[in-house]
Amino acid sequence: MSQSVISILNKIKIDKSWSFSDKTRKETSYITHGYHRYPAKFIPQIVSRLAEKYTKKGDFIVDPFGGCGTTIIESKIMGRYSIAVDINPVAVLITKAKITPINPIKIEKEFEILKKKLEKYNKDIKVKVPTHERIDYWFKAEEKRRLAFIFSKIIKVKDQDVQDFFFCGFSNILKNCSIWLQKSNKPTRDFGKEPSEPIKTFLRQTKMMLRGNAELFELLSKKGYLKISSKVVCTDARTIPVKNGSVDLIVTSPPYVTSYEYADLHQLTALWLEHTKDLSDFRKRFIGTSYHSKKDLVLNSKLAEKIRSDLLIKHKKTAEEVSTYFSEMNQVFVEMKRVLKKGGKTCIVVGNTSLIGVDILNAEVFVEQLQNLGLKVVDIIKREIPSKNLPSVRDEKTGKFARITDKNKVFAYPTEYILVMEK
Ligand SMILES: C[S@@+](CC[C@H](N)C(=O)[O-])C[C@H]1O[C@@H](n2cnc3c(N)ncnc32)[C@H](O)[C@@H]1O
């Protein structure tokens, strides 16, 4: 079984029309897509093309690893109902802000009020600054004080949608205003960094978001889709809050095993907005993290078992992490099957990688697991990932992520698959 899945995927040729390499940043970050950076986010055009092909107006779309909300934003502007799930409260905050069109007149007014308050900042003004040691780890005193001032004004905004909108902007400026090593996906401090000035940066960020919101509001009003329901829920992908057999299409891209530590990457927002006081507990909730492993795993794939034994010879801990990942992904697939309608499709965007010299064939394993659960292959698309979207590269020998500029490295995800399967 697994051998045939490997050869099927090996034979698939790259379909250039799915790389969207001609799309400019402006096109991939139109409406609200550009509000907030997020690792491994979708190009919106992938979602809209899949939704166009496999659904019609009024259908129901779900993304169990919703991230910053790309799937449900595209669903909404196409008149499809949708729900996104993500375990990361920061992802949920961003998504909530991005899918909620606010009347531009109202938000402009709120912005002017906030701006006037922020412009009153001076060094004698009384500000209650947070005392968390992790905040002190990342922020210098003056930036911390200014951020605390912005925070104290946003928290007073009464309208929840407006408050979320401002907090989303606040969240996106935190890295720039801290000593977090710029462009690094690993939490590293840069003591030589000159952090951005928080108030100016926040106002600039919010102005960009005001334009995105106005664009979204206008588009949805024109199409008559302002009331199309799209929801985001902070929960585990194994507990999608929808009825059995109710979903027409799932579009998702799962986390990769030990690739991004989302909990680490979003710790600044999680700390400021008090999503967590304890980072180690926060980390354990994520699939693909290196912070937990379990026993009695059901891999539901011969290939996954082979990968586990190949890894075991080299490094027991990595073997455990990868097995835990495949087993947890199988649990997500069981849940996805539960919510899909008969004939409903699931589109999983996934790349393969390599760890300590062993190929981690995520796509092949997923196809095998889904087939073993009774789903059928409808289509498998192989797409190139334009380099501007590459998350990072891996060192060939160690399997660790390295800087993209380093020579002698191999690209971790030069291509990826879109697995289209049917219940
Ligand atoms: C590759 S990202 C998805 C990005 C998304 N396609 C977008 O456009 O933003 C994977 C997501 O899975 C989420 N995740 C990890 N473990 C999860 C779990 N147990 N349940 C739900 N979501 C989880 C992460 O927080 C992350 O947002």
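Order of listing sets the numbers, starting from 1, for every ligand and every atom in it. Here, residue 1 is the first one in the sequence, and each next residue gets the next number. What you see is a predicted model, and the numbers here were worked out from it, not measured in a lab.
Any N or O atom pair closer than 3.5 Å counts here, and Asp236 shares at least one such pair with ligand 1. Residue contacts with ligand 1: Ser253 is placed with a nitrogen or oxygen under 3.5 Å of a nitrogen or oxygen of the ligand (distance criterion only). Any N or O atom pair closer than 3.5 Å counts here, and Cys68 shares at least one such pair with ligand 1.
Rounded to the nearest 0.5 Å, atoms OG (Ser19) and CD1 (Ile46) are 9.0 Å apart.
Residue-ligand proximity, Phe286 to ligand 1, at heavy-atom distances under 4.0 Å covers atoms 15 (C), 16 (N), 25 (O). Each of the atoms 21 (C), 22 (N) of ligand 1 lies under 4.0 Å from some heavy atom of Pro64. Those atoms of ligand 1 that come under 4.0 Å of a heavy atom in Tyr38, given as number and element, are 9 (O), 25 (O), 26 (C), 27 (O). Under a 4.0 Å criterion applied to the non-hydrogen atoms of Pro254, ligand 1 contributes the atoms 1 (C). With ligand atoms numbered from 1 in the order given, ligand 1 contributes 6 (N), 7 (C), 8 (O) to contacts under 4.0 Å with heavy atoms of Phe42.
Here Thr235 has backbone heavy atoms under 4.0 Å from ligand 1, and that is the only part of it that gets that close. Under 4.0 Å from ligand 1, the heavy atoms of Arg285 that appear belong solely to its backbone.
Residue nearest to atom 20 (N) of ligand 1, selected from Pro44, Ala237, Gly69, Cys234: Ala237 (by heavy-atom distance).
The aromatic rings of Phe333 and Phe366 sit perpendicular to each other, their planes meeting at more than 60°, with 30° as the lower class boundary.
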